[in-house]
Amino acid sequence: MAAEQTFMDKLTALCKRRGFIYQSSEIYGGIGGFWDYGPLGVELKRNIKNQWWRDMVTNPPRGPDGRDVEMVGVDCAIIMNPKVWEASGHATGFADPMVDCRKCKGRFRLDQVFRIEVRRPGAAEPFAVFSMQGDGTHSALEAATGRATKLSKKHGGGEYALAATSFKDVLAADPRVDVLACPTCDEPGTLTEPRQFNLMFQTYVGALQDASSIAYLRPETAQGIFANFKNVLDTTRVKVPFGIAQIGKSFRNEINPRNYTFRSREFEQMEIEFFCSEASSMEWYEFWRKTRYDWYVNLGLRSEKLRLRDQTREELAHYSKACADIEYLFPFSDEFQELEGVAHRGNFDLTQHAQFSGKDLSYFDDEAWERDKEQYPDPEQARRAKNAPPYRYLPTVVEPSAGADRATLAFLCEAYTEDTAPDEKGVLQTRVVLKFHPQLAPVKVAFFPLVNKEGMPEIAEALYRETRRYMTAFFDDKGAIGRRYRRQDEVGTPYCVTVDGDTLRDGSVTIRERDTLAQVRVKKEGVVAWLRERLGQ
RNA sequence: GCGGGUGUAGCUCAGUGGUAGAGCGUCACGUUGCCAACGUGAAUGUCGUGGGUUCAAGUCCCAUCACCCGCUCCA
C-alpha cells in the first residue's frame, strides 16, 4: 500500500504542477468532491470525450446484424421535471430513512419493515419475534400470518396474537438497530444504522422557494435520453435498433467523496441507451460489452489492470437480465473499480416513463408490418395484431454508461511511467513520462530551436504556427534541449521537432519520439503531413 | 457517518513559544550545438481558516474546512 500511495501522491502532484487537475475553489480551502481541470487536463478530457463521440456517434462500428450501428446524440438539460425521478426510481426512499443489510445488500425503508411479535393471549413476553416487510401494519400482519401459525404449532399450538411495530417506531423507542433482524436474512446484526438517503442535489426553480418548486440536479444523464425517446423517434428517421448518446454533467451528493477524482459529487458521464427488440437484445448486449471494453484497450488501457467483469445474478437489478462492469485496478485501491457499466435494462425505463407520463412510448415496426400484414386478412384481427408485439412494442434497452472523469483518471494512471534516460554525460537518470495514446495526448507536438541563434527560432516558430492549424502544438525555446524534451515527456507529448544546424544546410529537422527517444530526420516541408499521418489529425 | 493522521512558497518538505527557511521548479539576463547544463540576479507565503491562551503563536488550546489512511457507504 505504501508504494501505491506514493504512486498516487506522485500522480496528483504532477497533475497539479503541470495543470491537469486542481481542487475546486482551492484558494478558499477547497470543497469536498469537486475538481477543476486545468489547461492540460481540459485537453486530455476533451480528447477522451471527442474520441468517444467519434467512435460511438459519428462513426460507430458495425453491429452484430452486419449493418453500421445507428446512433444519434442529444444534450439534455440538467434539471428536469421532478416526476422524472419518481419514474426512474431515484426519488423513492427520500421521505424516510433507510437501513441496509450488509449480508443480502437489501435496502429497506424504516417505515416498511416491521417487527412481528407472536405471543399467547395474556402473556407478557412473545414466544417468537421476526421481521417482515409490508406497506403498512395491516399488510405486514397479513404477510406474517403464515409464518406465525407455523411457529405457534412448533411451540405447542393454541391461540396466539400478533403485533406489528414498524422499525421506525421500534427505533424511536430504542435506537439499537443491531437487535433487529433483516427481513430477508432473518438474523440480527446485519443491518446498518438508519440513514437518510438524499443523494440528489436539490434546488428551487423560480423565485418562490417552497415544496412545489423543488427540483433536482440530474444524478445521471440517462433519464434525459428516455424522456426524449419519443421526440427522437418522431423527428429523426431512426429505426430500431438504434442508440441515443449523450455526454454531460451529473450530480450526486455522495456521503463520502474520496480517491481523488474517482468519486466526485459533480462528474461527467458518457452514456448510450441502445434500443432494440427483445429477441435481439442479448446479441446487442454482447456486442456492446465487447465494443466498449475494446475501446479502452485500443486507447491504451492495455495492462492487466483493466478487466471486464460480468455481474452475478445477485448483483443484478430486478429488471436486468445481464450487466457487465468494465473495471480498472486504480493505484489507490486493492480492488477493481468501475469505469463503465454495460447493462441490459429490459424495457424497465420506457415502461416506467410511459406509466408515469401517461404517454405512449411504444415503437411501431413499419417494415415488419408491411412484410406480414397479408397474414391478417380479417380487419379486426389485423388491428389487434398491429398494436402488439412484434409490430408495436416498448424496445429493450442496452445501456453502456461510462464516467468521463473516471476514464480520464484511468488513462492518467496507466500513462504515468518512470523509466530511465541518459543525461548529458550519458548517465542514466529517472525520467517521468506520461505515455498517453497519441489520440489522447493533450499536446501532440512541440517545436524547439536547438539553440537561440542563426535563425533557428524563426524556423521552429514558423513550423509551430503552421502545425497548430491542425493539432495542439507547443513552442519552447527556454533552457537546454534535454530539459525541454523532459518537460514534454512529463505531459505526454508524443513528438518533439527540433530545428538544428542541419536544418539550415539541408532543410531537414529531427523528430524525436517520446517513448523510444528515437529520432528521425524529416524535410521541414513534410513535417505537418508526417505528423498528421501518425496522429490522424 | 466513525476512528486515526496531515495541512508552512508552484511541487517536495525542514522549522526548540522569540527575525519565515531549503531543494526543485518559475521568471530575467548572459551562455547554449540533441536528452533533467552553467553563471548572475529576481519573484513567490494572511504558515488551511476562525477564535482563544500568552509580553510574544507556524509552534500550545478550541472550533471549522480540506486532504490522506482504516472502517462504513456507493441509491
Side-chain angles (χ1 to χ4, degrees), chain A residues 1-2 4-6 8-10 12-19 22-35 38 85 88-94 97-100 102 105-109 192-200 219-220 252-260 262-265 267 317 332-335 337-338 341 419-433 448-454 456-457 477-490 496-504 509-514 516-519 521:
Chain A
M1 204 64 200
E4 287 145 350
Q5 188 43 48
T6 306
M8 263 333 266
D9 285 347
K10 285 188 206 166
T12 54
L14 172 67
C15 285
K16 169 78 187 291
R17 181 159 38 87
R18 299 308 306 267
Y22 310 125
Q23 194 183 10
S24 170
S25 33
E26 189 187 291
I27 60 168
Y28 289 100
I31 176 166
F34 297 92
W35 300 90
W85 310 114
S88 70
H90 287 87
T92 54
F94 264 50
M98 323 263 291
V99 286
D100 291 320
R102 297 187 184 91
K105 304 292 176 195
R107 169 161 291 161
F108 310 98
R109 273 173 59 173
T192 60
E193 289 297 315
R195 276 163 306 195
Q196 198 80 40
F197 279 78
N198 197 347
L199 268 57
M200 281 198 288
E220 61 174 38
R252 296 182 195 185
N253 207 350
E254 296 286 353
I255 294 165
N256 192 2
R258 211 171 263 198
N259 291 332
Y260 203 33
F262 182 81
R263 180 170 295 124
S264 306
R265 291 187 165 125
F267 55 99
F332 53 71
S333 173
D334 296 332
E335 291 174 21
Q337 309 280 336
E338 182 184 340
D419 62 10
T420 53
D423 67 11
E424 197 189 16
K425 300 178 187 70
V427 181
L428 288 179
Q429 301 285 349
T430 300
R431 176 180 80 132
V432 173
V433 50
F448 309 144
L450 184 60
V451 288
N452 283 317
K453 57 186 182 187
E454 295 167 25
M456 292 183 203
D477 60 359
K478 298 288 194 301
I481 189 75
R483 171 147 224 67
R484 286 180 251 159
Y485 284 143
R486 295 301 171 84
R487 272 200 285 246
Q488 293 306 312
D489 290 341
E490 208 181 37
C496 293
V497 176
T498 300
V499 170
D500 58 16
D502 287 352
T503 313
L504 307 176
V509 296
T510 62
I511 303 182
R512 177 261 200 189
E513 205 273 330
R514 176 192 69 200
T516 62
L517 309 181
Q519 299 191 349
R521 291 207 74 88

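Lettering follows sequence order; numbering is per chain, from 1.
Taking only distance into account, the side chain of A:Glu490 never meets the base of B:G25 through a donor-acceptor pair shorter than 3.5 Å. Looking at A:Arg258, its side chain comes within 3.5 Å of the base of B:G70 through a donor and an acceptor atom. Put simply, the side chain of A:Arg484 and the base of B:C35 share no donor and acceptor less than 3.5 Å apart.
Side-chain N or O atoms of A:Arg483 include none that pairs as donor or acceptor with a backbone N or O of A:Lys478 at under 3.5 Å. The closest donor-acceptor contact from the side chain of A:Arg18 to the backbone of A:Arg487 lies under 3.5 Å.
The CZ-P distance, from A:Phe34 to B:C65, rounds to 15 Å in whole Å. Atom CG of A:Asp9 and atom C1' of B:C67 are 10 Å apart (whole Å). Atom C1' of nucleotide B:C67 and atom CZ of A:Arg265 are separated by 13 Å, given to the nearest angstrom. Remark: P of B:U12 and CE of A:Met8 are 13 Å apart, rounded to the nearest angstrom. Protein atom NZ of A:Lys10 is 18 Å distant from nucleotide atom P of B:C11, rounded to whole Å. Rounded to an integer number of Å, the gap from CG of A:Leu14 to P of B:U12 is 11 Å. With rounding to whole Å, A:Gln519 atom CD is found 8 Å from B:C35 atom P.
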Practice prompt. Dot-bracket for RNA chain B, please, read 5' to 3', with Watson-Crick or G-U wobble pairs under 3.5 Å on both distances, ( ) within the strand, [ ] crossing, | other strand, . unpaired.
Written response: (((((((..((((....[..)))).(((((.......))))).....(((((..]....))))))))))))....

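Of the candidate nucleotides B:U32, B:A37, B:A75, B:A75 has the atom lying nearest to any side-chain atom of A:His90.
Residue A:Gly33 is in sugar-phosphate contact alone, with no base atom involved, counting any heavy-atom pair closer than 4.0 Å across all strands shown. Residue contacts shown for A:Gly32 are limited to sugar-phosphate atoms, with no base heavy atom under 4.0 Å away. Residue A:Asn452 is in base contact, counting any heavy-atom pair closer than 4.0 Å across all strands shown.
Each of A:Val432 and A:Lys478 was matched to the nucleotide of RNA chain B holding its nearest heavy atom; the match closer to the 5' end belongs to A:Lys478.
Between A:Asp419 and A:Arg431 there is a salt bridge, since at least one side-chain N of the basic residue sits less than 4.0 Å from a carboxylate O of the acidic one.
Between A:Arg483 and B:G25, a side-chain N or O to OP1/OP2 separation shorter than 4.0 Å is present.
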